[in-house]
Amino acid sequence: MVHPARFELATPGSEDQCSNPLSYGCVWLQPFYHSINFSAILSAMDIHTNIPLKNYLTMKLGGTTRFMTEVFSVDNVKQIVANARTQNLPIFVIGGGSNVIARDETYPGIVIRNRIKGFEIVADDAMTTTIKVGAGEIWDEIVKKTVDMNLSGIEAMSAIPGTCGAAPVQNVGAYGQDVSETFVSLEAYDTQNDQVVTLTNDDCHFGYRSSIFREDQFNRYIILSVTLQLYKASPKPPFYKAIQDYFDTHNITIYTPQTIRDTVTTIRSEKLPDPKVKPNSGSFFKNAIIEGWLLKELLETYPEMPHYDMGDKRYKVPTGWLIEQCGFKGQLLHGMRVNPANALVLINESAGGYSDLAAAREEISNQVRDTFRISIEQEPLELK
Ligand code: EPU
């Protein structure tokens, strides 16, 4: 049985009646779905049918998912995984939906919204405090909480949308910090072996915007909690250039987690569009990592090209700069606006769907490749 739970049953027969984000009524449009048997789990969980994904993703486009549910505990996770397997349905976990893109076609499985909460101090000594947070906690609320505790380590990652469980997946980073620097371990449900496992920092193979969770172990683990070790000492320079510039122009000489949080929040609000107002997924492309020989050749033609030494004969080049050089900054491509304040962000202004986004992405990445011989990579994950 699939039931409407807390939501009203729409009158069958019209797609317009799917406008309620968790509308159940659409089940009538696809009688085939009645053949799914969720009876074993529905005593405890609500399964919703034919849900428009754009209501759950900050880019606000894409088709529907055949099923959607929320998990609040490891027991919920175990139940939904067991049932999905019985029904041969794929699963995909989302947090705040700020780093996931949906395609136009219906997702044939179950989208799980991770709502597992919790905040606990698990260790405390003279120098550090270690916290364990539920994967469904809102990332910025946890950053605020740790800043209020005067702890340092994640304050430069203030105002990033999304949940704590999503942070290790792409090794979230901003303004000189990334999650891997304070990350101790996480607990996850391993859908291959049906057990809760603890993965250490080394196990996660963190890199620039990467981890096992979005590479070779994609979709294997459902993250339940994340443990971070934060510092009691005040943050010390050198700071990320944008932070230092702000401190200098505002005569800020007291460096605390709070002054860094306030500064980053201000800088971000100037450069990055608020997804609640202008639908976007943050940086749409990763910065490019290129070999030393290519950098050398490019610098002959573009001596002003910004680049950062990665320490392994490779260099990071800001993709925002590459896109800007190609003349796309501020342009509207297939309904997607290249953000005028930072060309790395694409804003869904009037895209008809994923196909428009894909067309804009191809136009930009082809032009960057043809101009600089650099292949750029999409940052948000795709639901597939
Ligand atoms: N730049 C340009 N033109 C642009 C954008 C950037 O010339 O349109 C150049 C500038 O030289 C600038 C440099 O790129 O100095 C770096 O720009 P910025 O500091 O704004 O950062 P970013 O490389 O564009 C990355 C992260 C952001 C993070 C900022 C700040 C990635 C994919 N993005 O962007 O993260 O907030 O650094 O640390 O690494 C996100 O992942 O969603 C995100 C917003």
Side-chain angles (χ1 to χ4, degrees), residues 57-59 95-101 139-140 143 154-163 166-181 206-211 214 238-246 260-261 263-275 278-290 295 298-299 302-310 315-331 333 337-348 361 364-365 367-368 371-372 374-381:
L57 306 178
T58 61
M59 191 62 106
S98 52
N99 206 48
V100 175
I101 305 292
W139 171 259
D140 193 50
V143 176
I154 54 176
E155 67 279 11
M157 293 182 277
S158 287
I160 295 179
T163 56
V169 173
Q170 51 156 348
N171 187 17
V172 161
Y175 299 99
Q177 288 176 346
D178 72 33
V179 164
S180 73
E181 292 168 81
F206 290 120
Y208 165 64
R209 288 296 192 276
S210 76
S211 73
R214 57 175 294 159
F239 298 116
Y240 194 85
K241 186 174 179 307
I243 293 182
Q244 190 59 57
D245 289 350
Y246 188 92
I260 292 189
R261 175 172 169 80
T263 300
V264 166
T265 304
T266 306
I267 301 172
R268 281 185 74 95
S269 68
E270 285 161 5
K271 280 196 162 186
L272 298 167
D274 180 351
K278 296 181 175 181
N280 74 87
S281 302
S283 299
F284 188 76
F285 297 99
K286 294 184 187 185
N287 283 322
I289 312 283
I290 64 169
L295 177 78
L298 286 170
L299 284 174
Y302 307 98
E304 74 291 3
M305 186 167 85
H307 55 277
Y308 313 100
D309 193 344
M310 301 280 289
Y315 294 83
K316 190 190 279 181
V317 176
T319 298
W321 185 87
L322 301 172
I323 295 171
E324 184 175 349
Q325 296 304 304
C326 291
F328 288 122
K329 199 169 185 170
Q331 296 294 308
L333 306 170
R337 176 76 64 191
V338 182
N339 182 22
N342 182 326
L344 208 49
V345 179
L346 299 186
I347 299 164
N348 175 11
R361 176 185 62 203
I364 294 167
S365 48
Q367 189 62 49
V368 168
T371 310
F372 297 102
I374 294 177
S375 296
I376 56 174
E377 205 184 313
Q378 178 175 314
E379 209 226 316
L381 290 169

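Note that these values count all heavy atoms, side chains included, but never hydrogens, waters or copies made by symmetry. Counting starts at 1 for both ligands and their atoms, in listed order.
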>> My understanding is that only residues two or more places apart in sequence, or in another chain, count here; which of them pass salt bridge (charged side-chain N to carboxylate O under 4.0 Å, His left out) with Asp309?
In response: none
>> For Phe372, give me all partners under ring-ring contact (aromatic ring centres under 6.0 Å, His included), at least two apart in sequence or on another chain.
In response: Tyr302, Trp321
>> Just verifying a value: how many Å separate Met157 CE and Trp139 CH2, rounded to the nearest 0.5 Å?
In response: 4.5 Å
>> If I take atom CZ from residue Phe285 and atom CD1 from residue Ile323, how far apart are they, to the nearest 0.5 angstrom?
In response: 5.0 Å
>> For a quick check: using heavy atoms under 4.0 Å, what are the residues in contact with ligand 1, sorted by chain and number?
In response: Gly173, Ala174, Tyr175, Tyr208, Arg209, Tyr240, Arg268, Lys271, Leu272, Gly282, Ser283, Phe285, Lys286, Asn287, Pro306, Tyr308, Pro318, Gly320, Trp321, Glu324, Lys329, Asn342, Ala343, Leu344, Glu379
>> Quick check: do Thr371 and Leu322 have side-chain heavy atoms less than 4.5 Å from each other?
In response: no
>> Could you work out, with ring-ring contact (aromatic ring centres under 6.0 Å, His included) as the rule, every residue matching Tyr315, not counting sequence neighbours?
In response: none
